[in-house]
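All values below were derived from every heavy atom in this structure, side-chain atoms included, with hydrogens, water molecules and symmetry-related copies excluded. Numbered from 1 within each chain, the chains take letters A, B, ... in sequence-line order.
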Number of protein chains: 2
Amino acid sequence: MRTDLRVIKTKEALHNALLEVLDEKSLDAISITEICRKAKVNRGTFYLHYAQVEELFEEYFKEITADLARSYQEPYRHVTVLNTKELNPDTIRIFHHIEKYKRFYRIVFSKKVPLLYYYLLFEEIKQLLLKDQEAILHEDIDHELHCSYQANAIIGIIIDWYHKDFSYSVDYLNRQLVQIVNIQSSNSTGA
Amino acid sequence: MRTDLRVIKTKEALHNALLEVLDEKSLDAISITEICRKAKVNRGTFYLHYAQVEELFEEYFKEITADLARSYQEPYRHVTVLNTKELNPDTIRIFHHIEKYKRFYRIVFSKKVPLLYYYLLFEEIKQLLLKDQEAILHEDIDHELHCSYQANAIIGIIIDWYHKDFSYSVDYLNRQLVQIVNIQSSNSTGA
DNA sequence: AATTTTATTGAACAGGTGTACAGTAAAATC
DNA sequence: GATTTTACTGTACACCTGTTCAATAAAATT
(Lines give C-alpha, C1' and ligand atoms only; values in the text may rest on other atoms or scores of the structure.)
Protein backbone atom coordinates (compact mmCIF):
# COMPACT_ATOMS: atom_id res chain seq x y z
CA MET A 1 0.00 0.00 0.00
CA ARG A 2 1.05 3.56 -0.67
CA THR A 3 -0.55 5.37 2.25
CA ASP A 4 -0.61 3.59 5.57
CA LEU A 5 -3.12 5.27 7.87
CA ARG A 6 -0.51 5.35 10.63
CA VAL A 7 1.85 7.36 8.45
CA ILE A 8 -0.86 9.85 7.60
CA LYS A 9 -1.77 10.24 11.25
CA THR A 10 1.84 10.68 12.32
CA LYS A 11 2.62 13.26 9.63
CA GLU A 12 -0.52 15.18 10.41
CA ALA A 13 0.40 15.34 14.07
CA LEU A 14 3.91 16.55 13.22
CA HIS A 15 2.56 19.14 10.79
CA ASN A 16 0.19 20.57 13.36
CA ALA A 17 2.85 20.57 16.04
CA LEU A 18 5.27 22.47 13.79
CA LEU A 19 2.69 25.15 13.03
CA GLU A 20 1.95 25.49 16.72
CA VAL A 21 5.59 25.94 17.67
CA LEU A 22 6.23 28.32 14.75
CA ASP A 23 3.92 30.78 16.51
CA GLU A 24 6.28 30.86 19.45
CA LYS A 25 9.76 30.77 17.92
CA SER A 26 11.69 30.83 14.65
CA LEU A 27 12.30 27.71 12.59
CA ASP A 28 15.98 27.42 13.44
CA ALA A 29 15.24 27.52 17.16
CA ILE A 30 12.80 24.61 17.07
CA SER A 31 14.07 21.21 18.19
CA ILE A 32 12.91 17.85 16.96
CA THR A 33 12.33 16.82 20.56
CA GLU A 34 9.95 19.74 21.08
CA ILE A 35 7.86 18.97 17.99
CA CYS A 36 7.62 15.31 18.97
CA ARG A 37 6.55 16.20 22.49
CA LYS A 38 3.72 18.38 21.16
CA ALA A 39 2.72 15.88 18.48
CA LYS A 40 2.85 13.00 20.95
CA VAL A 41 5.02 11.11 18.49
CA ASN A 42 8.13 9.18 19.38
CA ARG A 43 11.33 10.95 18.40
CA GLY A 44 12.51 7.86 16.54
CA THR A 45 9.36 8.01 14.42
CA PHE A 46 10.27 11.53 13.33
CA TYR A 47 13.53 10.21 11.92
CA LEU A 48 11.63 7.56 9.95
CA HIS A 49 10.14 10.38 7.86
CA TYR A 50 12.48 13.36 8.13
CA ALA A 51 16.09 14.08 8.95
CA GLN A 52 15.64 17.62 10.23
CA VAL A 53 12.94 20.05 11.26
CA GLU A 54 13.67 21.85 7.98
CA GLU A 55 12.46 18.88 5.93
CA LEU A 56 9.13 18.96 7.70
CA PHE A 57 8.75 22.62 6.78
CA GLU A 58 9.84 21.82 3.24
CA GLU A 59 6.74 19.63 2.86
CA TYR A 60 4.51 22.60 3.66
CA PHE A 61 6.38 24.96 1.47
CA LYS A 62 6.13 22.72 -1.58
CA GLU A 63 2.36 22.88 -1.28
CA ILE A 64 2.58 26.66 -1.23
CA THR A 65 4.77 26.96 -4.31
CA ALA A 66 2.44 24.52 -6.05
CA ASP A 67 -0.33 27.03 -5.37
CA LEU A 68 1.69 29.65 -7.20
CA ALA A 69 1.72 27.48 -10.31
CA ARG A 70 -1.98 26.75 -9.93
CA SER A 71 -2.85 30.44 -9.78
CA TYR A 72 -1.34 30.74 -13.27
CA GLN A 73 -3.31 27.88 -14.67
CA GLU A 74 -6.58 29.30 -13.46
CA PRO A 75 -9.20 30.20 -16.12
CA TYR A 76 -7.82 33.65 -15.39
CA ARG A 77 -6.45 35.66 -18.22
CA HIS A 78 -3.34 33.65 -18.89
CA VAL A 79 -1.10 36.07 -20.72
CA THR A 80 2.63 36.12 -21.29
CA VAL A 81 4.07 37.29 -18.02
CA LEU A 82 7.09 39.33 -18.80
CA ASN A 83 6.89 40.12 -22.46
CA THR A 84 7.72 43.79 -22.49
CA LYS A 85 4.93 45.57 -24.25
CA GLU A 86 2.17 43.13 -23.46
CA LEU A 87 2.86 43.05 -19.74
CA ASN A 88 -0.24 43.82 -17.76
CA PRO A 89 -0.17 44.32 -13.98
CA ASP A 90 -3.32 42.21 -13.66
CA THR A 91 -1.60 39.19 -15.10
CA ILE A 92 1.23 39.28 -12.59
CA ARG A 93 0.18 36.96 -9.82
CA ILE A 94 3.49 36.56 -8.01
CA PHE A 95 3.35 39.47 -5.57
CA HIS A 96 -0.25 38.61 -4.84
CA HIS A 97 0.81 35.06 -4.04
CA ILE A 98 3.62 36.19 -1.73
CA GLU A 99 1.31 38.46 0.20
CA LYS A 100 -1.27 35.70 0.53
CA TYR A 101 1.30 33.43 2.18
CA LYS A 102 3.19 36.23 3.90
CA ARG A 103 3.35 34.19 7.11
CA PHE A 104 5.41 31.51 5.36
CA TYR A 105 7.56 33.79 3.26
CA ARG A 106 8.70 35.59 6.37
CA ILE A 107 10.26 32.27 7.32
CA VAL A 108 11.53 31.44 3.84
CA PHE A 109 13.39 34.76 3.57
CA SER A 110 14.82 34.86 7.08
CA LYS A 111 18.58 34.74 7.01
CA LYS A 112 19.13 31.74 9.24
CA VAL A 113 17.03 29.42 7.11
CA PRO A 114 18.67 27.13 4.50
CA LEU A 115 18.86 28.27 0.86
CA LEU A 116 16.76 25.26 -0.15
CA TYR A 117 13.45 27.13 0.16
CA TYR A 118 14.79 29.97 -1.93
CA TYR A 119 15.62 27.50 -4.69
CA LEU A 120 12.14 25.98 -4.54
CA LEU A 121 10.61 29.41 -5.14
CA PHE A 122 13.18 30.29 -7.79
CA GLU A 123 12.57 27.05 -9.70
CA GLU A 124 8.80 27.52 -9.59
CA ILE A 125 8.96 31.02 -11.05
CA LYS A 126 11.60 29.98 -13.56
CA GLN A 127 9.42 27.12 -14.80
CA LEU A 128 6.47 29.48 -15.22
CA LEU A 129 8.62 31.80 -17.30
CA LEU A 130 10.12 28.96 -19.33
CA LYS A 131 6.64 27.83 -20.37
CA ASP A 132 5.25 31.30 -20.80
CA GLN A 133 8.03 32.55 -22.97
CA GLU A 134 8.84 29.53 -25.06
CA ALA A 135 7.33 31.34 -28.00
CA ILE A 136 9.58 34.35 -27.58
CA LEU A 137 13.03 33.02 -28.29
CA HIS A 138 15.88 35.42 -28.88
CA GLU A 139 18.76 34.66 -31.13
CA ASP A 140 22.12 34.23 -29.39
CA ILE A 141 20.46 34.13 -25.99
CA ASP A 142 20.31 30.97 -23.89
CA HIS A 143 16.62 30.73 -23.11
CA GLU A 144 17.13 29.06 -19.76
CA LEU A 145 19.73 31.59 -18.67
CA HIS A 146 17.35 34.34 -19.67
CA CYS A 147 14.54 32.88 -17.57
CA SER A 148 16.88 32.45 -14.59
CA TYR A 149 17.75 36.11 -14.99
CA GLN A 150 14.13 37.22 -15.05
CA ALA A 151 12.88 34.87 -12.36
CA ASN A 152 15.54 35.94 -9.91
CA ALA A 153 15.10 39.60 -10.80
CA ILE A 154 11.51 39.33 -9.59
CA ILE A 155 12.69 37.65 -6.40
CA GLY A 156 15.08 40.59 -6.02
CA ILE A 157 12.06 42.84 -5.73
CA ILE A 158 10.47 40.43 -3.29
CA ILE A 159 13.62 40.47 -1.13
CA ASP A 160 13.42 44.25 -0.95
CA TRP A 161 9.76 43.95 -0.09
CA TYR A 162 10.50 41.44 2.66
CA HIS A 163 13.24 43.63 4.13
CA LYS A 164 10.68 46.44 4.31
CA ASP A 165 8.30 44.07 6.08
CA PHE A 166 5.97 43.80 3.06
CA SER A 167 4.99 47.44 3.43
CA TYR A 168 4.48 48.15 -0.30
CA SER A 169 1.11 47.28 -1.81
CA VAL A 170 0.83 44.50 -4.40
CA ASP A 171 -0.49 47.04 -6.89
CA TYR A 172 2.48 49.32 -6.42
CA LEU A 173 4.93 46.49 -7.01
CA ASN A 174 3.07 45.32 -10.10
CA ARG A 175 3.29 48.81 -11.55
CA GLN A 176 6.96 49.15 -10.64
CA LEU A 177 7.77 45.82 -12.28
CA VAL A 178 6.05 46.87 -15.50
CA GLN A 179 8.00 50.13 -15.49
CA ILE A 180 11.32 48.42 -14.86
CA VAL A 181 10.82 45.78 -17.53
CA ASN A 182 9.87 48.48 -20.02
CA ILE A 183 12.84 50.70 -19.21
CA GLN A 184 15.31 49.74 -21.90
CA SER A 185 13.07 50.51 -24.84
CA SER A 186 12.86 54.13 -23.76
CA ASN A 187 16.34 54.34 -22.32
CA SER A 188 18.34 53.09 -25.28
CA THR A 189 18.56 56.65 -26.59
CA GLY A 190 19.14 58.68 -23.43
CA ALA A 191 21.68 58.49 -20.53
CA MET B 1 43.50 48.00 23.12
CA ARG B 2 41.62 46.96 20.06
CA THR B 3 43.49 43.79 19.10
CA ASP B 4 44.71 41.55 21.85
CA LEU B 5 47.34 39.18 20.51
CA ARG B 6 45.56 36.26 22.12
CA VAL B 7 42.38 37.03 20.19
CA ILE B 8 44.28 37.21 16.92
CA LYS B 9 46.00 33.90 17.61
CA THR B 10 42.77 32.19 18.58
CA LYS B 11 40.86 33.44 15.52
CA GLU B 12 43.69 32.46 13.22
CA ALA B 13 43.73 28.96 14.65
CA LEU B 14 39.96 28.66 14.20
CA HIS B 15 40.13 30.02 10.67
CA ASN B 16 42.78 27.53 9.65
CA ALA B 17 40.94 24.66 11.30
CA LEU B 18 37.72 25.52 9.46
CA LEU B 19 39.48 25.54 6.09
CA GLU B 20 41.06 22.21 6.89
CA VAL B 21 37.77 20.58 7.81
CA LEU B 22 35.99 22.14 4.82
CA ASP B 23 38.16 19.95 2.61
CA GLU B 24 36.67 16.88 4.21
CA LYS B 25 32.98 17.72 4.69
CA SER B 26 30.31 20.31 3.99
CA LEU B 27 29.78 23.32 6.23
CA ASP B 28 26.56 22.06 7.76
CA ALA B 29 28.20 18.80 8.80
CA ILE B 30 31.03 20.47 10.72
CA SER B 31 30.73 20.62 14.50
CA ILE B 32 32.15 23.29 16.77
CA THR B 33 33.81 20.57 18.81
CA GLU B 34 35.65 19.32 15.73
CA ILE B 35 36.99 22.74 14.78
CA CYS B 36 38.15 23.39 18.33
CA ARG B 37 39.91 20.04 18.50
CA LYS B 38 41.84 20.82 15.31
CA ALA B 39 42.55 24.40 16.32
CA LYS B 40 43.61 23.33 19.83
CA VAL B 41 41.27 25.95 21.22
CA ASN B 42 38.91 25.43 24.11
CA ARG B 43 35.29 25.07 23.04
CA GLY B 44 34.26 27.78 25.47
CA THR B 45 36.68 30.15 23.74
CA PHE B 46 34.89 29.56 20.44
CA TYR B 47 31.67 30.81 22.00
CA LEU B 48 33.44 33.98 23.18
CA HIS B 49 33.80 34.95 19.51
CA TYR B 50 31.12 33.11 17.57
CA ALA B 51 27.76 31.48 18.21
CA GLN B 52 27.87 28.96 15.35
CA VAL B 53 30.25 27.51 12.81
CA GLU B 54 28.36 29.60 10.25
CA GLU B 55 29.52 32.85 11.85
CA LEU B 56 33.13 31.79 11.51
CA PHE B 57 32.59 31.20 7.80
CA GLU B 58 30.78 34.53 7.58
CA GLU B 59 34.01 36.28 8.58
CA TYR B 60 35.78 34.75 5.60
CA PHE B 61 33.01 35.47 3.22
CA LYS B 62 32.85 39.14 4.11
CA GLU B 63 36.49 39.45 3.07
CA ILE B 64 35.58 37.88 -0.25
CA THR B 65 32.65 40.15 -1.00
CA ALA B 66 34.86 43.09 -0.02
CA ASP B 67 37.21 41.96 -2.78
CA LEU B 68 34.34 42.21 -5.24
CA ALA B 69 33.86 45.87 -4.36
CA ARG B 70 37.61 46.49 -4.55
CA SER B 71 37.80 45.04 -8.05
CA TYR B 72 35.38 47.77 -9.11
CA GLN B 73 37.38 50.55 -7.57
CA GLU B 74 40.55 49.49 -9.29
CA PRO B 75 42.17 51.96 -11.73
CA TYR B 76 40.44 49.67 -14.20
CA ARG B 77 38.01 51.19 -16.63
CA HIS B 78 35.27 52.01 -14.19
CA VAL B 79 32.25 52.34 -16.37
CA THR B 80 28.56 52.18 -15.64
CA VAL B 81 27.84 48.53 -15.21
CA LEU B 82 24.40 47.90 -16.50
CA ASN B 83 23.48 50.92 -18.55
CA THR B 84 22.02 49.31 -21.61
CA LYS B 85 23.89 50.67 -24.57
CA GLU B 86 27.15 51.41 -22.85
CA LEU B 87 27.50 47.97 -21.30
CA ASN B 88 30.82 46.41 -22.14
CA PRO B 89 31.70 42.81 -21.29
CA ASP B 90 35.14 43.92 -20.11
CA THR B 91 33.66 46.09 -17.43
CA ILE B 92 31.64 43.31 -15.89
CA ARG B 93 33.78 41.93 -13.13
CA ILE B 94 31.18 39.88 -11.25
CA PHE B 95 31.44 36.55 -13.06
CA HIS B 96 35.21 36.87 -12.97
CA HIS B 97 35.05 37.36 -9.23
CA ILE B 98 32.79 34.35 -8.71
CA GLU B 99 35.09 32.11 -10.70
CA LYS B 100 38.11 33.35 -8.77
CA TYR B 101 36.49 32.33 -5.47
CA LYS B 102 34.66 29.32 -6.89
CA ARG B 103 35.72 27.22 -3.91
CA PHE B 104 33.79 29.52 -1.56
CA TYR B 105 30.79 30.13 -3.76
CA ARG B 106 30.22 26.41 -4.00
CA ILE B 107 29.58 26.59 -0.27
CA VAL B 108 27.59 29.83 -0.40
CA PHE B 109 25.17 28.42 -2.99
CA SER B 110 24.73 24.98 -1.48
CA LYS B 111 21.17 24.42 -0.40
CA LYS B 112 21.75 23.52 3.22
CA VAL B 113 23.61 26.72 4.02
CA PRO B 114 21.77 29.70 5.59
CA LEU B 115 20.41 32.49 3.36
CA LEU B 116 22.68 34.95 5.15
CA TYR B 117 25.57 34.54 2.71
CA TYR B 118 23.24 35.04 -0.21
CA TYR B 119 22.16 38.34 1.27
CA LEU B 120 25.76 39.43 1.76
CA LEU B 121 26.46 38.89 -1.94
CA PHE B 122 23.17 40.46 -2.95
CA GLU B 123 23.81 43.57 -0.87
CA GLU B 124 27.32 43.96 -2.25
CA ILE B 125 26.17 43.85 -5.87
CA LYS B 126 23.19 46.06 -5.10
CA GLN B 127 25.42 48.70 -3.52
CA LEU B 128 27.69 48.67 -6.57
CA LEU B 129 24.69 49.23 -8.81
CA LEU B 130 23.24 51.93 -6.56
CA LYS B 131 26.46 53.93 -6.80
CA ASP B 132 27.03 53.19 -10.45
CA GLN B 133 23.60 54.15 -11.58
CA GLU B 134 22.81 57.10 -9.37
CA ALA B 135 23.16 59.29 -12.43
CA ILE B 136 20.61 57.30 -14.38
CA LEU B 137 17.38 57.86 -12.51
CA HIS B 138 14.11 56.92 -14.13
CA GLU B 139 10.90 58.73 -13.47
CA ASP B 140 8.26 56.74 -11.60
CA ILE B 141 10.76 54.01 -10.77
CA ASP B 142 12.01 53.42 -7.25
CA HIS B 143 15.76 53.45 -7.74
CA GLU B 144 16.47 51.01 -4.93
CA LEU B 145 13.84 48.58 -6.15
CA HIS B 146 15.35 48.80 -9.60
CA CYS B 147 18.82 47.98 -8.31
CA SER B 148 17.47 45.07 -6.28
CA TYR B 149 15.89 43.82 -9.48
CA GLN B 150 19.10 44.06 -11.46
CA ALA B 151 21.43 42.80 -8.74
CA ASN B 152 19.37 39.70 -8.14
CA ALA B 153 18.90 39.13 -11.87
CA ILE B 154 22.67 38.76 -12.16
CA ILE B 155 22.69 36.36 -9.23
CA GLY B 156 20.01 34.43 -11.12
CA ILE B 157 22.54 33.80 -13.84
CA ILE B 158 25.13 32.84 -11.24
CA ILE B 159 22.71 30.33 -9.68
CA ASP B 160 22.27 28.70 -13.09
CA TRP B 161 26.02 28.70 -13.50
CA TYR B 162 26.49 27.09 -10.08
CA HIS B 163 23.89 24.41 -10.82
CA LYS B 164 25.86 23.59 -13.97
CA ASP B 165 29.01 23.34 -11.85
CA PHE B 166 30.46 26.59 -13.28
CA SER B 167 30.85 24.99 -16.69
CA TYR B 168 30.24 28.16 -18.76
CA SER B 169 33.17 30.45 -19.38
CA VAL B 170 33.25 33.91 -17.85
CA ASP B 171 33.38 35.39 -21.34
CA TYR B 172 30.30 33.53 -22.46
CA LEU B 173 28.32 34.77 -19.44
CA ASN B 174 29.46 38.34 -19.95
CA ARG B 175 28.26 38.21 -23.54
CA GLN B 176 24.97 36.61 -22.57
CA LEU B 177 24.36 39.27 -19.91
CA VAL B 178 24.94 42.04 -22.42
CA GLN B 179 22.52 40.40 -24.84
CA ILE B 180 19.83 39.93 -22.21
CA VAL B 181 20.07 43.47 -20.89
CA ASN B 182 19.84 44.81 -24.42
CA ILE B 183 16.84 42.69 -25.35
CA GLN B 184 13.96 45.03 -24.75
CA SER B 185 15.15 47.78 -27.06
CA SER B 186 14.98 45.44 -30.02
CA ASN B 187 12.04 43.45 -28.77
CA SER B 188 9.57 46.22 -28.17
CA THR B 189 8.42 45.97 -31.75
CA GLY B 190 8.47 42.22 -32.41
CA ALA B 191 7.25 39.17 -30.38
C1' DA C 1 59.90 44.74 36.31
C1' DA C 2 55.68 44.83 38.95
C1' DT C 3 50.83 45.37 38.57
C1' DT C 4 46.50 45.28 36.46
C1' DT C 5 43.49 43.63 33.11
C1' DT C 6 41.38 40.16 30.48
C1' DA C 7 41.39 36.17 27.20
C1' DT C 8 41.58 31.51 27.74
C1' DT C 9 41.13 27.15 30.10
C1' DG C 10 38.98 23.04 32.24
C1' DA C 11 35.38 21.00 34.36
C1' DA C 12 30.68 20.28 34.93
C1' DC C 13 25.68 20.59 33.76
C1' DA C 14 21.15 19.93 31.47
C1' DG C 15 19.46 19.23 27.29
C1' DG C 16 19.32 17.95 22.13
C1' DT C 17 21.01 14.76 18.28
C1' DG C 18 21.31 10.67 15.61
C1' DT C 19 21.28 5.85 15.70
C1' DA C 20 20.17 0.99 16.99
C1' DC C 21 17.18 -2.70 18.37
C1' DA C 22 13.78 -5.61 20.46
C1' DG C 23 8.94 -5.36 21.67
C1' DT C 24 4.29 -3.80 20.61
C1' DA C 25 0.28 -2.47 18.19
C1' DA C 26 -2.04 -1.12 14.35
C1' DA C 27 -2.56 -1.38 9.88
C1' DA C 28 -3.07 -4.27 5.33
C1' DT C 29 -3.89 -8.76 3.26
C1' DC C 30 -5.67 -13.18 2.95
C1' DG D 1 -11.66 -13.15 11.57
C1' DA D 2 -6.95 -14.96 11.49
C1' DT D 3 -2.46 -14.00 9.66
C1' DT D 4 1.12 -11.26 7.91
C1' DT D 5 3.28 -7.09 7.42
C1' DT D 6 5.13 -2.93 9.08
C1' DA D 7 4.86 1.57 11.51
C1' DC D 8 5.56 3.00 15.90
C1' DT D 9 7.33 2.79 20.78
C1' DG D 10 10.66 2.76 24.62
C1' DT D 11 15.09 2.41 25.99
C1' DA D 12 19.80 3.05 25.63
C1' DC D 13 24.21 5.01 24.07
C1' DA D 14 27.87 8.13 22.39
C1' DC D 15 28.33 12.55 21.04
C1' DC D 16 27.39 17.65 20.36
C1' DT D 17 25.42 21.98 22.24
C1' DG D 18 25.21 26.10 24.97
C1' DT D 19 26.15 27.92 29.31
C1' DT D 20 28.37 28.83 33.89
C1' DC D 21 32.33 29.72 36.92
C1' DA D 22 36.59 29.63 39.38
C1' DA D 23 41.44 29.15 38.15
C1' DT D 24 45.18 30.34 35.17
C1' DA D 25 48.18 32.49 32.05
C1' DA D 26 49.16 35.75 28.80
C1' DA D 27 48.58 40.00 27.36
C1' DA D 28 48.53 45.37 28.23
C1' DT D 29 49.59 49.18 31.32
C1' DT D 30 52.09 51.55 34.76
**OP:** Go through the N and O atoms of the side chain of R43(A) and the base of dG16(C), and report whether any donor-acceptor pair is under 3.5 Å.
**Re:** no

**OP:** Tell me which nucleotide among dC8(D), dG16(C), dT19(D) gets nearest to the side chain of L48(A).
**Re:** dC8(D)

**OP:** Please check the phosphate of dC8(D) (OP1 and OP2 only) for any side-chain N or O of T10(A) closer than 4.0 Å.
**Re:** yes

Original post:
Between dT17(C), dT17(D), dC8(D), which nucleotide has the shortest distance from any of its atoms to the side chain of S31(B)?
Top reply: dT17(D)

Original post:
More than 12 foreign heavy atoms under 6.0 Å from NZ of K164(A): is that the case here?
Top reply: yes

Original post:
Rounded to whole angstroms, how far apart are CG on D28(A) and P on dG16(C)?
Top reply: 16 Å

Original post:
Rounded to whole angstroms, how far apart are CD1 on I30(B) and C1' on dC15(D)?
Top reply: 17 Å

**OP:** Identify which nucleotide among dG16(C), dC16(D), dG10(C) has an atom closest to any side-chain atom of N42(B), counting heavy atoms from C-beta outward.
**Re:** dG10(C)

Original post:
Less than 4.0 Å between a side-chain N and a carboxylate O, is that true for D23(A) and R103(A)?
Top reply: yes

**OP:** Step by step, work out the side chain to side chain donor-acceptor pair (under 3.5 Å) result for Y72(B) and H97(B).
**Re:** CA-CA 10 Å; Y72(B) 272 88; H97(B) 164 85; over 6 Å; no

**OP:** Figure out the OH/P separation between Y50(A) and dT17(C), and round it to whole Å.
**Re:** 16 Å

Subject >> Under 3.5 Å donor-acceptor pair, R6(A) side-chain atoms to dA26(C) base atoms >> reply: yes

Original post:
Is H49(A) near enough to dA7(D) that one of its side-chain N or O atoms lies under 4.0 angstrom from OP1 or OP2?
Top reply: no

Subject >> Backbone of D140(A) reached by a side-chain donor or acceptor of Q176(B) within 3.5 Å >> reply: yes

**OP:** Grab the NZ-C1' distance between K11(A) and dC8(D) for me, whole Å please.
**Re:** 15 Å

**OP:** Let me know the distance between NZ of K40(B) and C1' of dT8(C), rounded to the nearest Å.
**Re:** 16 Å

Subject >> H96(B), NE2: over 12 other non-hydrogen atoms inside 6.0 angstrom >> reply: no

**OP:** Can you figure out which of dA12(D), dA27(D), dA27(C) approaches the side chain of D4(A) most closely?
**Re:** dA27(C)

Subject >> Value in whole Å for how far the C1' atom of dG16(C) lies from CZ of F46(A) >> reply: 13 Å

Original post:
With respect to the side chain of T45(B), which nucleotide from dG18(C), dT8(C), dA27(D) is positioned closest?
Top reply: dT8(C)

Original post:
Counting side-chain heavy atoms from C-beta on, which of dA7(D), dC16(D), dA7(C) comes nearest to R37(B)?
Top reply: dC16(D)

Subject >> Rounded distance (Å) that lies between atom C1' of dT8(C) and atom CD of E12(B) >> reply: 16 Å

Original post:
Is any side-chain N or O of T33(A) closer than 4.0 Å to OP1 or OP2 of dT17(C)?
Top reply: yes

Original post:
Want to settle it: does L5(B) or Y47(B) sit nearer the 5' end of DNA chain D, counting the closest nucleotide to each?
Top reply: Y47(B)

